[in-house]
> 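This is the structure, below, for whatever I ask next.
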Amino acid sequence: MSSEGGKEDCLGWAARDPSGFLSPYKFTRRAVGSEDVSIKITHCGVCYADVAWTRNVQGHSKYPLVPGHEIVGIVKQVGSSVQRFKVGDHVGVGTYVNSCRECEYCNDRLEVQCEKSVMTFDGIDADGTVTKGGYSSHIVVHERYCFRIPENYPMDLAAPLLCAGITVYTPMIRHKMNQPGKSLGVIGLGGLGHMAVKFGKAFGLKVTVLSTSISKKEEALSLLGADHFIISSDLEQMKAIAKSLDFIIDTAAGDHPFDPYMSLLKTGGILALVGVPSEVKFSPASLNLNMRTVTGSVTGGTKNTQEMIDLCAVQKIYPNIEVIPIDYANEALERLIKRDVKYRFVIDIENSLK
């Protein structure tokens, strides 16, 4: 990758240690290469991964750590070989910024599954540097890992699509959860869950929200348009919908029993796990006796991501967000831990990062 200009100073907010506390941090972005796009960041969504990595939950965080992988901005410079973007375009960057570009997964545009995929923050890039995310003024990314945001799609609303949106969209498409008239259950009603409800309705599915909190009922039915709401801790309510769902998207991050939810699936039904509980435990009979499937998924490849963004623009599918300034980021992460957000924080980088 040849360089087409010098390195450029960047202002961000970083965690310095496992306390996860974020504060202003100056660093240098790499020079723009021939296939790179330099993006002035306007907005960045706040994902639970930002909590986990800034606080070293996995045990391998590299400090200083600049989080953020739901990035939206405006192209300010392109390399000489860039084909897909020009200065002024609205673009997004998701959870990864590099891959080998040679393996079967890259060839199938499933780059997120590449063994050499590089995370947008706290990853090791091809030049050996540690990647730094979207809580920053700009970012330089190979054009392959940038996504076109249609001009008519609000940029603040586009940010959550780059992780929350694609995380539920990918298994829905892979397992054909887009067949009108079929039934979908959604476990958990946070950033991911509320997008699963929106996609389900857009696909013509009958959507049932499964929650332990009665306080979510009104918003699930009235605000998000779900067809049904079930308190999953109520045995009678659960029994009443046994074997009624074709699909379930499980977005719950906390530990929870699986057998009660599996009993809601029809014969041949599919449960897609996109949350990350500490363990998954269920009786073999929950699978075997009714030919059910449990599958897992993370975000998605470049093909599906662009497809999802375009679908959202055409069908006017918009996340529900709370826009915040960068200096509210620490409070936002605390509120995210308490699940006190409806349903995604988005940082207004352009107007608050000074």
> Determine whether Asn330 and Glu334 satisfy the following criterion, side-chain hydrogen bond (donor to acceptor under 3.5 Å, both in side chains), listing intermediate values before the conclusion.
CA-CA 6 Å; Asn330 289 301; Glu334 290 294 336; over 6 Å; no
> Main chain of Val207, side chain of Asp227: is a donor-acceptor contact present, judged purely on distance under 3.5 Å?
yes
> Using modelled atom types only, decide if a donor and an acceptor are shared between the side chain of Ser183 and the backbone of Asp246 within a distance under 3.5 Å.
yes
> Test of understanding: clusters of I, L, V, M, F, W, Y form through side-chain heavy atoms closer than 4.5 Å, transitively. Do Leu210 and Leu223 belong to the same one?
no
> Under a 3.5 Å cutoff, is there a donor and acceptor pairing between the side chains of Lys266 and Asn290?
no
> Apply the test side-chain contact (heavy atoms from CB on, under 4.5 Å) to residues Leu353 and Asp348: give CA-CA distance (whole Å), side-chain angles for both, the deciding distance (0.1 Å), then the verdict.
CA-CA 8 Å; Leu353 180 60; Asp348 182 354; over 6 Å; no
> When you check the gap from the basic side-chain N to the acidic O, do Arg335 and Glu322 get nearer than 4.0 Å?
yes
> For the pair Asp108 (side chain) and Leu110 (backbone), establish whether a donor and an acceptor sit closer than 3.5 Å, ignoring hydrogens and angles.
no
> Could you report the tightest heavy-atom contact between Met177 and Leu184, atom names first, then the distance?
SD-CD1, 4.3 Å
> Evaluate the ring planes of His256 and Tyr261, with Trp represented by its six-membered ring, and classify them as parallel (under 30°), tilted (30 to 60°) or perpendicular (over 60°).
perpendicular
> Have a look at Thr299 and tell me which of Asn304, Thr167, Leu162 forms a side-chain contact (heavy atoms from CB on, under 4.5 Å) with it.
Thr167
> Does the side chain of Ser283 pick up a donor-acceptor pair with the side chain of Asp259 at under 3.5 Å?
no
> Provide the closest heavy-atom pair for Pro67 versus Leu65 in the form atom of the first, atom of the second, distance.
CD-O, 3.4 Å
> Go through it in stages, so that I can follow the logic: the residues are Asn320 and Lys198, the test is side-chain hydrogen bond (donor to acceptor under 3.5 Å, both in side chains), and I'd like the CA-CA distance, side-chain angles, deciding distance and then a yes or no.
CA-CA 10 Å; Asn320 293 56; Lys198 288 173 181 281; 2.9 Å; yes
> Can you tell me how far the NZ atom of Lys7 sits from the OG1 atom of Thr28, to the nearest 0.5 Å?
7.0 Å
> At their closest point, which heavy atom of Met155 faces which heavy atom of Thr42, and how far apart are they?
CE-OG1, 3.4 Å
> For the residue pair Arg29 and Ser136, confirm or rule out a side-chain donor-acceptor distance under 3.5 Å.
yes
> Decide if atom CZ of Arg174 counts as having more than 12 heavy atoms of other residues, nucleotides or ligands within a radius under 6.0 Å.
no
> Could you grab the distance from atom CG of Leu22 to atom CD of Glu331, nearest 0.5 Å is fine?
10.0 Å
> Name the one of Thr120, Ile124, Val118, Ile139 that satisfies side-chain contact (heavy atoms from CB on, under 4.5 Å) with Thr131?
Val118
> Give a yes-or-no answer on whether the side chains of Ser211 and Ser213 include a donor-acceptor pair shorter than 3.5 Å.
no
> Please confirm whether the backbone N or O of Leu192 pairs with a side-chain atom of Arg344, one donor and one acceptor, at under 3.5 Å?
no
> Report whether Leu205 and Val197 are members of the same hydrophobic cluster (ILVMFWY, side-chain heavy atoms less than 4.5 Å apart, transitive linking).
yes
> Could you label the plane-to-plane angle of the Tyr96 and Tyr145 rings as parallel, tilted or perpendicular, counting under 30° as parallel and over 60° as perpendicular?
perpendicular
> Kindly work out whether a path of hydrophobic side-chain contacts (I/L/V/M/F/W/Y, heavy atoms less than 4.5 Å apart) joins Ile231 to Leu264.
no
> Check Trp53 against Asp122 and note the closest heavy-atom contact, atom names and distance.
CD1-OD2, 3.2 Å
> Just how far is it from atom CD1 of Ile347 to atom CD1 of Ile324, taken to the nearest 0.5 Å?
5.0 Å
> Check the pair Met238, Asp234 against side-chain contact (heavy atoms from CB on, under 4.5 Å), reporting the backbone distance first and the verdict last.
CA-CA 6 Å; Met238 293 287 278; Asp234 186 319; 5.7 Å; no
> Using the rule that two of Ile, Leu, Val, Met, Phe, Trp, Tyr join whenever any of their side-chain heavy atoms come within less than 4.5 Å, decide whether Tyr343 and Phe199 are in one cluster.
yes
> Can a salt bridge be assigned to the pair Lys116 and Glu102 using a cut-off of 4.0 Å between side-chain N and carboxylate O?
no
> Could you go through Val112 and Tyr105, starting from their C-alpha distance and side-chain angles, then the distance that decides it, and tell me whether this counts as side-chain contact (heavy atoms from CB on, under 4.5 Å)?
CA-CA 8 Å; Val112 68; Tyr105 304 110; over 6 Å; no
> Does Asn178 reach the main-chain N or O of Ile173 with its side chain, forming a donor-acceptor pair under 3.5 Å?
no
> Above 12 or not: heavy atoms from other molecules or residues under 6.0 Å from NZ of Lys62?
yes
> Is there a side-chain hydrogen bond (donor to acceptor under 3.5 Å, both in side chains) between Arg16 and Ser23 once you walk through the steps?
CA-CA 8 Å; Arg16 268 57 170 210; Ser23 59; 2.6 Å; yes
> Is Val141 reachable from Val130 through a run of hydrophobic residues whose side-chain heavy atoms are each under 4.5 Å from the next?
no
> At their closest point, which heavy atom of Pro319 faces which heavy atom of Leu161, and how far apart are they?
CG-CD2, 3.9 Å
> For the backbone of Ala285 and the side chain of Asn288, can you confirm whether one donor and one acceptor N or O come within less than 3.5 Å of each other?
no
> In terms of relative ring orientation, are Phe203 and Tyr169 parallel, tilted or perpendicular, with 30° and 60° separating the classes?
tilted
> Could Glu219 and Lys342 be called an ion pair, given the rule that one side-chain N must be under 4.0 Å from one carboxylate O?
yes
> With no hydrogens and no angle check, is any side-chain donor or acceptor of Ser286 less than 3.5 Å from a backbone partner on Phe282?
no
> Please determine whether side-chain hydrogen bond (donor to acceptor under 3.5 Å, both in side chains) holds for the pair Ser81 and Glu35, giving the CA-CA distance in whole Å, both sets of side-chain angles, and the decisive distance to 0.1 Å.
CA-CA 5 Å; Ser81 300; Glu35 298 176 302; 5.8 Å; no
> What is the distance from atom CD1 of Ile41 to atom CD1 of Ile39, rounded to the nearest 0.5 Å?
7.5 Å
> How far apart are the closest heavy atoms of Cys10 and Ser137, and which atoms are they?
SG-OG, 3.4 Å
> Could you grab the distance from atom CZ of Arg292 to atom OG of Ser263, nearest 0.5 Å is fine?
6.5 Å
> Quick check against the 3.5 Å criterion: does His175 have a side-chain atom that pairs as donor or acceptor with the backbone of Met172?
no
> Assess whether ring pair (Phe, Tyr, Trp, His ring centres under 6.0 Å) is satisfied between Tyr135 and Phe121, documenting all intermediate values.
CA-CA 10 Å; Tyr135 292 26; Phe121 63 84; 8.0 Å; no
> Is it true that Arg101 and Glu111 make a salt bridge, defined as a side-chain N closer than 4.0 Å to a carboxylate O?
no
> Drop me the distance from Asp127's CG to Thr129's OG1, to the nearest 0.5 angstrom.
3.5 Å
> Under a 4.0 Å N-O cut-off, is there an ion pair linking Arg30 with Asp125?
yes
